[in-house]
Amino acid sequence: MPRDSEVKVPDIGDFEGVEIIEVAVAPGDRVEVEQPLITLESDKATMDVPSPLAGVVKSMAVSVGDQVSEGTLILVLETADEAAAGESAPAAPGPESTEDTRQAPAPPAAAAGEADVHAQVVVIGAGPGGYTAAFRAADLGQKTVLVERYATLGGVCLNVGCIPSKALLHTAEVINAAAAMAAHGVEFGKPKITLAKLAAWKDSVVAQLTKGLAGLAKQRKVEVLQGVAKFLSPNLLEVSGADGVVRVAFDSAIIAAGSQATEIGSFPNDDPRLMDSTDALLLEDIPKRLLVIGGGIIGLEMATVYQSLGSSVSVVELLDGLMPGCDRDLVRPLQKRIEKLYEAIYLGTRVTGIEAQKKALKVHFEGAKAPASDAFDRVLVAVGRRPNGKRIGADAAGVVVDDAGFIPVDSQQRTNVPHIFAIGDITGQPMLAHKATHEGKVAAQVASGEKSRFDALAIPSVAYTDPEVAWTGVTETQAKERGIEFDKATFPWAASGRSLGMGRNEGLTKLLFEKSSGRLIGAGIVGPHAGDLIAEATLALEMGADAADLALTIHPHPTLSETVNFAAEMVEGTITDLYVPKRK
C-alpha cells in the first residue's frame with residue numbers, strides 16, 4: 001500500500017540557515033533514489049540534497065530562497081511499501097562495470113584486535129592534498145579516516161600559509177594601489193593600520209574556509225582524528241593527540257604529511273624576533289627594520305606585506321638572482337620595482353651569523369656589496385621547506401624515505417609499498433598546493449580500485465608579489481639547457497591599453513613554442529594578476545595548442561588576457577598592436 005514519507009534535510013555539517021538556490025522537483029513528479037531534490041549554497045560550495053526514497057512528490061514544503069538546516073522538511077513523498085521500494089532501488093554494479101577499471105585489492109589490514117578504528121583508506125595530513133584525497137576516497141565509497149595535527153582542517157596552507165598570506169597580500173595590494181593614485185590626482189592619505197583588526201580579519205578568512213572543510217568532512221562521513229600519526233606496521237598506525245592514543249588499522253594509506261620551514265641551527269631560534277613564515281603571519285608588530293633571509297617566493301611575498309605596512313625591508317639572497325628557477329626577464333620588472341621600495345637587496349650574499357642583542361638582532365654578512373654587519377628589529381628566515389618524511393615512522397611500514405626526507409612515488413602515487421601512497425610536498429618539488437590536490441585525487445582513485453595516474457604536462461608557479469610573477473611549462477632557461485629549439489614572443493605590457501589604464505606598464509607576457517611541433521611548451525607572465533592569467537597558458541599547453549590556436553581565439557578587449565593573444569600573434573606574424581619586423 002502507498003504511504004506518505006517525509007523527506008528532511010540530512011546532516012549537512014556545521015551549517016545553519018543554508019539558502020536553497022534551486023528546487024529540482026514539483027508536486028506530481030516521480031523521483032528515484034539519489035535523485036537531487038534541492039540545491040543548497042553554503043560558504044564553501046553548492047550541494048545537492050538527494051532523495052533517500054523513490055516515490056511521487058505529494059507536496060513541497062520549501063521553495064527557492066528559503067533557508068534550511070538539518071531536519072528541515074523538504075517535501076512529502078507518496079512511496080510504495082518497503083518490499084516495492086527495495087525492488088525499485090538501483091541494482092549493484094555487475095562484474096562488467098568493474099572489470100576494466102578495477103585493480104587487485106590491497107592486502108588485508110591488521111587484525112581488528114590491534115586497532116581502535118578500521119579504515120579502508122586512512123589519510124595522514126589534512127592540507128589541500130590530504131583533504132582532497134580523503135573526500136575523493138569517501139565519494140568513491142571508501143570508509144575513510146583523516147588525520148590532522150592542527151585543531152582545524154586545511155593543514156599549513158589554510159591555517160598558516162597560502163590563505164592567510166594571500167589575505168595580507170591583498171591588503172598590501174590595496175595600500176600600494178591607493179598610494180600610486182596620488183600621481184594621477186587622487187590622494188587618500190597615509191593609511192591608519194590597526195594590527196589587531198587586520199589580524200582578526202585574516203583569521204576570519206581562515207576560519208570560514210576551515211569551517212567549510214569540517215562541514216564537507218561531516219557530510220561525507222569522513223572520520224577526523226586530531227593528532228600526530230606514526231606508522232607501527234604496514235597496516236597499522238597510531239595517532240597521538242590531546243585525548244590520548246588511537247590505533248588505526250587500514251587497507252590503504254595516503255601520506256600527505258607535507259613539509260616544514262627550514263631552520264638554521266646556528267641562528268638564535270629561541271628568540272621571538274627571529275621568525276619563520278608562520279611567525280610572520282601572526283602580525284605581532286610592524287618592525288621598523290626587517291631583514292628577509294631568502295629571495296625566493298615566500299620571502300618576497302612576506303617582504304611585500306611588511307613593506308606595505310610600513311617596515312623598512314632588506315632582502316639577502318645567497319644566489320646571484322632573486323626567485324631562483326624563474327627566467328631573469330620575468331624577475332627583472334619585480335626587482336626594478338622593489339629596488340626603489342626596499343632599503344637594500346643583497347645578492348650573492350651569505351648570512352654568517354646572527355647575534356641576539358638587547359635592542360636588536362645583529363646580523364653578519366659575507367658578500368661583495370653587503371656590510372660586514374647590521375642590526376634589525378626582526379629577521380624572517382625564508383630559505384625553503386623540508387619534507388616531513390622522516391617524522392611519520394615510515395620505516396615501520398617499510399616505506400622508503402630518501403636522505404632529504406622525500407618519499408619516492410610512481411605515476412599512481414604509490415610508494416614502494418603498493419597499498420601505501422604519498423602526495424604533495426613529501427613527494428618532491430614543486431611544493432605547491434595545486435600539485436598536491438591533483439595527486440590526492442589520483443591516490444584516492446587508485447586506492448579505491450580506479451585506474452588513474454598523475455600525468456600533468458605543466459604545473460604553474462606563482463609569486464604573489466607586486467607585481468605578480470607566474471610561469472608554467474618549460475622555462476626559457478630550461479629549453480636552452482635541454483637543447484630544445486623554440487620560437488619566442490614577448491609582448492610588453494607598455495602596449496596594453498588595460499595595463500596603461502591601471503598605471504602598471506612594467507609587465508610582460510612571454511610564450512615559447514617548440515619549433516618542431518609548433519606547440520606551446522612554456523609561458524611566463526609578470527604583472528598584476530599574472531597568477532590568474534597563467535591558467536590560460538597552462539590549459540593551452542595541456543591541450544597541445546599552437547600559436548594559431550591562441551592567436552585566433554578572440555579575447556575580450558581591453559583586458560590583460562589579451563597579452564597572451566598578442567604574444568601568440570607575434571609568433572604568427574599577424575600582430576597589429578606592435579610593429580614587428582618580418583623575419584628573413
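Note: Ser266 OG to Ile354 CD1 = 8.0 Å, rounded to the nearest 0.5 Å. Taken to the nearest 0.5 Å, the CD1 atom of Ile286 stands 7.5 Å off from the CG atom of Leu283. Atoms OG1 and CH2, on Thr477 and Trp471 in that order, are 11.0 Å from each other to the nearest 0.5 Å. Here Asp455 contributes atom CG and His438 contributes atom NE2; the two are 12.5 Å apart, rounded to the nearest 0.5 Å. Atoms CZ and OG1, from Arg337 and Thr465 in turn, are 10.0 Å apart once rounded to the nearest 0.5 Å. Interatomic distance, CG of Leu550 versus CG of Asp546, reported as 8.0 Å (0.5 Å rounding).
A side-chain donor-acceptor contact under 3.5 Å links Glu317 to the backbone of Gly295. Between the side chain of Gln412 and the backbone N or O of Ser452 there is at least one donor-acceptor pair closer than 3.5 Å. Listed for the Thr171 side chain is a donor-acceptor partner under 3.5 Å among the backbone atoms of Ala167. Asn388 places no side-chain N or O within 3.5 Å of a backbone atom of Arg391 that could act as its donor or acceptor partner. At distances below 3.5 Å, not a single donor-acceptor pair connects side-chain atoms of Lys435 with backbone N or O atoms of Pro460. Glu187 contributes no side-chain N or O that, together with a main-chain N or O of Ala182, makes up a donor-acceptor pair within less than 3.5 Å. Side-chain N or O atoms of Lys202 include one that pairs as donor or acceptor with a backbone N or O of Leu281 at under 3.5 Å. Proximity of a side-chain donor or acceptor of Thr427 to a complementary backbone N or O of Ile423 within less than 3.5 Å is not detected. Within the 3.5 Å criterion, the main-chain N or O of Ile264 finds a donor-acceptor partner in the side chain of Asn269. Of the possible polar contacts, none joining the His434 side chain to the Leu432 backbone as a donor-acceptor pair under 3.5 Å is found.
For the salt bridge (charged side-chain N to carboxylate O under 4.0 Å, His left out) test, no residue two or more places apart in sequence or in another chain qualifies with Asp276. Among residues two or more places apart in sequence or in another chain, the side-chain hydrogen bond (donor to acceptor under 3.5 Å, both in side chains) test is passed with Ser204 by none. Not counting sequence neighbours, Phe513 has no partner by the ring pair (Phe, Tyr, Trp, His ring centres under 6.0 Å) test.
Summarising the geometry of Leu322 relative to Val315, their closest heavy-atom pair is CD2-CG1, 4.3 Å, with the distance given to 0.1 Å. Minimum interatomic distance between Ala433 and Cys157 (heavy atoms only, all atoms of both residues): CB-SG, 4.2 Å. What you find for Pro164 and Leu158 is that their closest heavy atoms are CD-O, 3.4 Å. Ala530 approaches Val469 most closely through the heavy-atom pair CB-N, 4.4 Å. The two residues Ala551 and Asn565 have their closest heavy-atom pair at O-ND2, 2.9 Å. Heavy-atom minimum distance, Asp466 versus Thr304: N-OG1, 4.1 Å.
Within the 4.5 Å cutoff, the side chain of Met323 has heavy atoms near those of the Ile297 side chain. The shortest distance between side-chain heavy atoms of Val379 and Ile293 falls below 4.5 Å. Between Ile193 and Leu309, the closest side-chain pair of non-hydrogen atoms falls below 4.5 Å. Ser312 is not listed as a side-chain neighbour of Gln307, based on a closest heavy-atom distance of 4.5 Å or more. Leu508 is not listed as a side-chain neighbour of Ile525, based on a closest heavy-atom distance of 4.5 Å or more. A 4.5 Å side-chain heavy-atom check between Val381 and Met275 finds every atom pair outside the cut-off.
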Practice task
Assess whether salt bridge (Lys or Arg N to Asp or Glu O under 4.0 Å) is satisfied between Asp487 and Lys515, documenting all intermediate values.
Solution key: CA-CA 6 Å; Asp487 289 318; Lys515 274 189 179 293; 2.7 Å; yes
Practice task
Applying side chain to side chain contact (heavy atoms under 4.5 Å, CB included), run through Leu520 and Leu512 and close with a yes or a no.
Solution key: CA-CA 6 Å; Leu520 181 72; Leu512 304 179; 5.6 Å; no
Practice task
Could you go through the side chain to side chain contact (heavy atoms under 4.5 Å, CB included) check for Val292 and Val316 one step at a time?
Solution key: CA-CA 6 Å; Val292 176; Val316 57; over 6 Å; no
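Ring orientation note: the planes of Phe365 and Phe376 are nearly perpendicular, at an angle over 60° on the 30°/60° scale.
Pairs passing the salt bridge (charged side-chain N to carboxylate O under 4.0 Å, His left out) check and including a residue from residues 155-165, sequence neighbours excluded, do not occur. Identified under the salt bridge (charged side-chain N to carboxylate O under 4.0 Å, His left out) test for residues 339-366, with sequence neighbours left out: Arg289-Glu343. The salt bridge (charged side-chain N to carboxylate O under 4.0 Å, His left out) pairs that include a residue from residues 150-176 are Lys166-Glu301, where partners are two or more places apart or lie in different chains.
A side-chain N or O of Gln445 and one of Arg136 form a donor-acceptor pair less than 3.5 Å apart. Side-chain contact of Glu562 with His555: a donor-acceptor pair under 3.5 Å is absent, judged by distance alone.
Ion pairing between a basic and an acidic side chain is recognised when a charged N comes within 4.0 Å of a carboxylate O; Arg378 and Glu284 show such pairing. Using a 4.0 Å cut-off between charged nitrogen and carboxylate oxygen, Lys488 and Glu476 count as a salt-bridge pair. Looking at Asp327 and Lys510, a side-chain N of the basic residue comes within less than 4.0 Å of a carboxylate O on the acidic one, giving a salt bridge.
Tested against Thr563 for a side-chain hydrogen bond (donor to acceptor under 3.5 Å, both in side chains), the candidates Thr509, Thr490, Asp577 yield a single pass: Thr509.
Within 6.0 Å of CE in Met543 there are 12 or fewer heavy atoms belonging to other residues, nucleotides or ligands.
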